[in-house]
Trainee: 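This is the structure I have questions about; it appears just below.
Ligands are counted one by one from 1 in listed order, and the atoms in each one are counted from 1 as well.
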Amino acid sequence: MVVITHLAIGRPPYLWEPPDASPDRQRVLSFVTDSPSECRLQARARASGPGASPARIQWQVTPPEGFSLPPDARLTGPEIDLTLHRDTVYAGGAPLSLVIRVTLDGTSAADHAIVAQDERDQLRQEYVDLSRDRVPDRVEFIDETEYQLRYGRRFPDLTFSQLNASVNRFAGRQYRWALLTEELLLALTRLQRLVGQSLVIASIYRNPVRQEEVNGPVDESHHQYGRAADLHVWPNWAPPQDGRTIATPVDWLRLANAAWQAGARWIEPMTLTHVNTARCHLHFDVRGAGSLTAPVGVRGEVVDAASGKPLPGARVELDGMTARTNRQGEFFLQHVLTPEEHTLSVSVPGRTPVAQPVRVESRQVVTVRIRVPA
Ligand SMILES: [Zn+2]
């Protein structure tokens with residue numbers, strides 16, 4: 001008789017040590033691979049009974065689809081230690097599975113184990129396969145039930161289905177699991193309270209394969225870690241309320257300021273969020289480090305370079321936000337930006353436009369004087 005006594009697959013290895021008396025020999029666990037292209041498999045078996053010798057143990061391994069055994073794999077003896085290699089490029093989705101069999105001399109005295117990825121590890125495998133910086137732990141993913149337990153009472157206005165924008169390409173539906181951080185749920189709830197109406201959520205949690213489809217170049221998007229939100233920007237929300245039906249920069253700015261007050265740490269530049277179209281949205285996330293965004297202000301005056309006389313009616317623009325100078329040539333412009341150098345462009349009818357670097361400061365108003373040549 002021969003039994004499998006130990007299995008370790010992937011990283012961190014999933015250990016399988018069935019009790020000797022287990023009636024159910026077909027144990028199903030789960031795993032993720034070490035990397036997109038490799039998966040280490042270690043196994044041990046014990047032979048017992050008359051004439052049983054460890055040297056007579058033979059192994060058969062059926063690797064996950066797309067993976068193959070090393071050509072020199074040693075598949076006899078009491079233990080095996082193999083690295084499976086993936087030959088084909090990741091195709092996006094099916095759960096991986098492995099079948100391991102042991103026999104004594106290829107006879108019927110056999111044992112086997114089938115190890116297939118459950119849905120949580122199928123999802124985690126996306127982080128491995130798409131080489132994300134961090135592969136979340138199994139316990140970080142929550143389903144509807146866990147969401148209710150953990151957050152249901154504290155965030156009654158936010159439902160799991162609203163927050164889960166994942167897509168399981170293999171199954172043709174959402175994943176039942178998502179990553180959602182408390183910090184993000186807190187910020188959304190505070191924001192809802194601040195604006196006094198229900199937020200229109202476009203997208204919160206995205207799995208890596210979904211992120212590739214939505215915005216492939218941003219491979220470390222915080223949406224994949226449950227730390228980012230895309231919200232629809234209401235048109236005609238900020239003054240002057242003139243009945244407009246698409247959101248303009250002032251509508252965006254009002255929501256961006258509120259999001260910042262509610263705890264948003266980084267807000268995507270307005271120029272990337274489709275303002276002045278029906279697709280206008282606000283993206284914010286609650287990242288812990290890096291360059292953070294804040295309300296900023298620029299106050300200034302636009303004058304003729306030669307005479308120093310004020311130029312009224314000049315158009316001033318900073319990263320998509322615009323203002324016009326008054327009769328005294330003065331303007332005031334508010335925005336939400338990262339505190340660094342940005343370009344202020346000034347155009348006066350009949351003159352060559354001027355571009356001037358301006359260093360904005362977090363939660364401060366900087367003053368500039370722009371001289372426009374004739
Ligand atoms: Zn986003």
Trainee: Would Gln125 and Thr33 count as a side chain to side chain donor-acceptor pair (under 3.5 Å) if you check the C-alpha gap in whole Å, the side-chain angles of each, and the deciding distance to 0.1 Å?
Mentor: CA-CA 7 Å; Gln125 187 69 39; Thr33 65; 2.7 Å; yes
Trainee: Sequence neighbours left out, what passes salt bridge (charged side-chain N to carboxylate O under 4.0 Å, His left out) with Glu212? Give chain and number order.
Mentor: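 Counting only residues at least two positions away or on another chain, Glu212 forms a salt bridge (charged side-chain N to carboxylate O under 4.0 Å, His left out) with Arg132.
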Trainee: So, His281 and the Zn ion (ligand 1): N/O/S under 2.8 Å, yes or no?
Mentor: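 Checking the Zn ion (ligand 1) against His281, no N, O or S atom falls under 2.8 Å.
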Trainee: Which atom, counting only N, O or S, brings Asp230 closest to the Zn ion (ligand 1)?
Mentor: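 Looking only at N, O and S atoms of Asp230, the one nearest the Zn ion (ligand 1) is named OD1.
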Trainee: Could you pull out the atom name of the N/O/S atom in His283 that is nearest the Zn ion (ligand 1)?
Mentor: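 Nearest to the Zn ion (ligand 1) within His283's N, O and S set: ND1.
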Trainee: Identify, with sequence neighbours excluded, every residue that meets salt bridge (charged side-chain N to carboxylate O under 4.0 Å, His left out) alongside Arg265.
Mentor: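 Partners of Arg265 under the salt bridge (charged side-chain N to carboxylate O under 4.0 Å, His left out) test: none.
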Trainee: Report, as yes or no, whether the 6.0 Å neighbourhood of atom CZ on Arg173 holds more than 12 heavy atoms from other residues, nucleotides or ligands.
Mentor: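 Atom CZ in Arg173 is crowded, with more than 12 foreign heavy atoms closer than 6.0 Å.
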Trainee: With respect to the Zn ion (ligand 1), please indicate if His223 possesses an N, O or S atom at a distance under 2.8 Å.
Mentor: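 True for His223.
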